[in-house]
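Predicted, not measured: the structure shown is a model, and the values here were computed from it.
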Amino acid sequence: MRPPTRSNADFDYERIPTYDDWIKGEIDDVTLEENHAFKGQFAKVGDAVRFKFKIEGCEYPHYSGWMSYNLGEKSNIFKKYLVGLVEGAQPDMVFDLDRLKGLKVKMIWKANGDFDNLELIRPLEKKIDPSIPF
């Protein structure tokens, strides 16, 4: 017996149009998942965040990986996102990640086997000023 044929519409995925060069886009959404089950070498259950991007030249959205939800100096959210996007970012600062929604950005992506990984992200215009109310 063979399983039924699956539709490709179950998982729409496309590669980034250019690697190792700036590409424009927008942070479309920031998702919080409480009690996310991380797998692999550092398996644990905890709050997690991931970013959804609209990228020029891509029909479908692209996502960051799930990241542990903390803003410590060694966290990926702080190092990769806040330092590049928020003026005067400091470890463990009080900052609402929803402020990043809709931000126009330029990004550099790298191919990693079957996946695309965000390497660098910067605002198209100016960094977010955390002192200005949301």
Colleague: What is the minimum heavy-atom distance between Arg15 and Asn112, and which atoms define it?
Modeller: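 Minimum heavy-atom contact is NH2-N, 4.3 Å.
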Colleague: Is there side-chain contact between Phe51 and Leu100, with heavy atoms separated by less than 4.5 Å?
Modeller: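 Yes, at least one pair of side-chain atoms sits under 4.5 Å.
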Colleague: Check for a donor-acceptor pair, side chain of Lys80 on one end and backbone N or O of Leu118 on the other, with a separation under 3.5 Å.
Modeller: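 Indeed, once roles are kept as given, a pair shorter than 3.5 Å links the two residues.
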Colleague: If you measure from the Lys or Arg side-chain nitrogens to the Asp or Glu carboxylate oxygens, is any gap between Lys101 and Asp98 under 4.0 Å?
Modeller: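 A salt bridge links Lys101 with Asp98.
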Colleague: Search all heavy atoms of Pro61 against all heavy atoms of Lys52 and return the closest pair with its distance.
Modeller: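 Minimum heavy-atom contact is CB-CE, 3.6 Å.
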Colleague: Side-chain donor-acceptor pairs under 3.5 Å in residues 104-111, sequence neighbours left out?
Modeller:
unit_1, atom_1, unit_2, atom_2, d
Lys104, NZ, Glu26, OE1, 2.7
Lys110, NZ, Asp20, OD1, 2.6

Colleague: How far apart are the closest heavy atoms of Ala48 and His36, and which atoms are they?
Modeller: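 Closest pair (atom of Ala48, atom of His36, distance): CB-CB, 3.5 Å.
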Colleague: Same cluster for Tyr63 and Tyr69 if Ile/Leu/Val/Met/Phe/Trp/Tyr side chains link at under 4.5 Å?
Modeller: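 No, separate clusters.
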Colleague: Kindly compute the distance separating CG (Leu120) from CH2 (Trp22), expressed to the nearest 0.5 Å.
Modeller: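 The CG atom of Leu120 sits 4.0 Å away from the CH2 atom of Trp22.
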Colleague: At what distance, to the nearest 0.5 angstrom, does OG1 of Thr31 lie from CH2 of Trp66?
Modeller: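 Reported value, rounded in 0.5 Å steps: 5.5 Å.
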Colleague: Using every non-hydrogen atom in the two residues, find where Ile121 and Phe53 come nearest and quote the distance to one decimal.
Modeller: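 Smallest heavy-atom distance, with atoms named: CD1-CE2, 3.8 Å.
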Colleague: Supply the atom-to-atom distance Leu85 CG to Arg99 CZ, rounded to the nearest 0.5 angstrom.
Modeller: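 Between Leu85 CG and Arg99 CZ, I get 12.0 Å after rounding to 0.5 Å.
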Colleague: If you look at every heavy atom in Met93 and Leu71, which pair is closest and at what distance?
Modeller: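 Smallest heavy-atom distance, with atoms named: O-CD1, 3.4 Å.
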Colleague: Indicate yes or no for a side-chain donor-acceptor contact from Lys127 to the backbone of Val83 under 3.5 Å, with no hydrogens or angles considered.
Modeller: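 Yes; judged by distance alone, with no hydrogens or angles, the pair exists.
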Colleague: I'd like to know if the side chain of His62 and the backbone of Asn117 have a donor-acceptor N/O pair within less than 3.5 Å.
Modeller: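 Pair absent, no side-chain N/O of His62 close to backbone of Asn117.
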Colleague: If I take atom CG from residue Leu103 and atom OH from residue Tyr81, how far apart are they, to the nearest 0.5 angstrom?
Modeller: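 Rounded to the nearest 0.5 Å, the CG-OH separation comes to 12.5 Å.
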Colleague: Evaluate the side-chain proximity of Ile23 to Pro17: yes if any heavy-atom separation is below 4.5 Å, no if none is.
Modeller: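 Result yes, sub-4.5 Å side-chain heavy-atom pair found.
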Colleague: Grab the two heavy atoms, one from Met67 and one from Ser64, that are nearest each other, plus how far apart they are.
Modeller: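 So the minimum-distance heavy-atom pair works out to CE-OG, 3.7 Å.
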Colleague: I need the Ile77 CD1 to Phe95 CZ distance, nearest 0.5 Å.
Modeller: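 Atom-to-atom, Ile77:CD1 and Phe95:CZ are 11.5 Å apart.
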Colleague: What distance separates Gln90 CD from Glu73 CD, expressed to the nearest 0.5 Å?
Modeller: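 Going from CD on Gln90 over to CD on Glu73, the span is 10.5 Å.
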